[in-house]
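First the structure, in the form of structure tokens, and then the observations on it.
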Amino acid sequence: MKKHIILASNSPRRKELLAGLDLDFEVKVLPNVAEDYPHNLPAVEVAGYIAREKADVYKTLITEDDLVITADTVVVVDNKVLGKPKDADDARRMLHLISGRKHQVVTGVCLLTSTGYRSFSVTTDVTFKQLSDDEINYYIKHFKPFDKAGAYGIQEWIGYVGVTSINGSYFNVMGLPVQRIWEEIHKL
């Protein structure tokens, strides 16, 4: 890879996953990047929209040698977007919503270069068993999932005890569809 790769994310999971591709990159996050979206946008398009909006902030700051990777992950249930919970009560509400049913995890990714961008979204279906109140409260208390879409990390305790099936990329659920990113980088 001849490009200087910039991961525009503070997420430790995204950093870990991108490092797993054995690519050299640096993390560079600009302050105050909005994560707003039009509320009439279909839920499955929200993550891609936000990833492109994040990339737009970098457009005038990159050189022809740079490749900026932006991403956003949302959980979609009943055609509603679950982002990051505001507090423990919001996390509890989200975990009750996904308990005992299937939902989609959608990660939108944008690969920005000085000549344009390539964007895509990856969707993974995840099914949870019926979670008890004790399991939900234990998870929130001990793992504090306030920086995670849908209030859970599949790689944490709740994923171990709650996920009954997954259809699609496990790494996408963690926050970065690395297999698809690998393919797309090699198309550039």
Side-chain angles (χ1 to χ4, degrees), residues 1-76 79-85 103-126 145-150 152-155 166-188:
M1 184 76 210
K2 295 178 183 174
K3 294 281 189 189
H4 170 243
I5 299 174
I6 299 167
L7 175 62
S9 174
N10 277 322
S11 166
R13 290 164 301 284
R14 288 194 180 118
K15 183 178 177 184
E16 173 190 350
L17 290 169
L18 190 59
L21 291 179
D22 203 24
L23 297 171
D24 291 327
F25 67 94
E26 74 168 306
V27 174
K28 184 190 271 183
V29 180
L30 298 175
N32 304 320
V33 176
E35 295 189 9
D36 300 326
Y37 58 91
H39 291 286
N40 61 343
L41 197 64
V44 295
E45 295 178 18
V46 167
Y49 178 89
I50 294 172
R52 285 187 301 279
E53 290 291 301
K54 289 178 180 178
D56 280 344
V57 177
Y58 290 82
K59 269 184 181 177
T60 61
L61 305 173
I62 62 173
T63 70
E64 63 183 34
D65 295 328
D66 292 331
L67 166 62
V68 177
I69 301 173
T70 61
D72 192 72
T73 301
V74 298
V75 168
V76 178
N79 207 31
K80 292 184 180 87
V81 173
L82 302 183
K84 298 172 186 170
H103 63 274
Q104 288 72 47
V105 177
V106 183
T107 300
V109 177
C110 188
L111 305 177
L112 173 70
T113 66
S114 61
T115 59
Y117 67 88
R118 180 185 301 268
S119 65
F120 57 90
S121 293
V122 174
T123 301
T124 303
D125 292 328
V126 180
F146 308 118
D147 66 336
K148 297 172 179 69
Y152 79 92
I154 194 168
Q155 72 281 6
I166 179 171
N167 184 13
S169 169
Y170 173 83
F171 299 115
N172 183 57
V173 182
M174 283 182 66
L176 201 63
V178 286
Q179 186 276 330
R180 178 74 183 272
I181 287 173
W182 179 261
E183 285 183 11
E184 296 295 335
I185 284 175
H186 283 84
K187 290 178 185 176
L188 290 176

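The analysis underlying the following values was restricted to heavy atoms, covering all of them including side chains, and did not include hydrogens, waters or symmetry mates. Given the structure is predicted, the values throughout are model-derived calculations rather than measurements.
- Here Thr113 contributes atom OG1 and Lys59 contributes atom NZ; the two are 11.0 Å apart, rounded to the nearest 0.5 Å.
- More than 12 heavy atoms of other shown residues, nucleotides or ligands fall within 6.0 angstrom of atom OH in Tyr58.
- Closest of all the heavy-atom pairs between Pro177 and Ser169 is CA-OG, 4.5 Å.
- Taking all atoms of both residues into account, the shortest heavy-atom contact from Arg180 to Ser121 is NH1-O, 4.2 Å.
- From Leu112, atom CG reaches atom CG of Leu61 across 9.5 Å, with rounding to the nearest 0.5 Å.
- In this structure, the side chains of Val109 and Val122 stay at 4.5 Å or more apart for every pair of heavy atoms.
- Proximity of Gln179 to Phe171: side-chain heavy atoms (C-beta onward) are nowhere separated by under 4.5 Å.
- Pro85 and Pro145 get closest at one heavy-atom pair: CG-O, 3.5 Å.
- The line from CG of Leu82 to CD of Gln104 is 11.0 Å long, rounded to the nearest 0.5 Å.
- A heavy-atom distance below 4.5 Å is found between the side chains of Leu23 and Ile185.
- Within 6.0 Å of atom OH in Tyr170, more than 12 heavy atoms from other residues, nucleotides or ligands are found, so the atom counts as buried in its surroundings.
- A search for salt bridge (Lys or Arg N to Asp or Glu O under 4.0 Å) contacts involving Asp66 returns nothing, not counting sequence neighbours.
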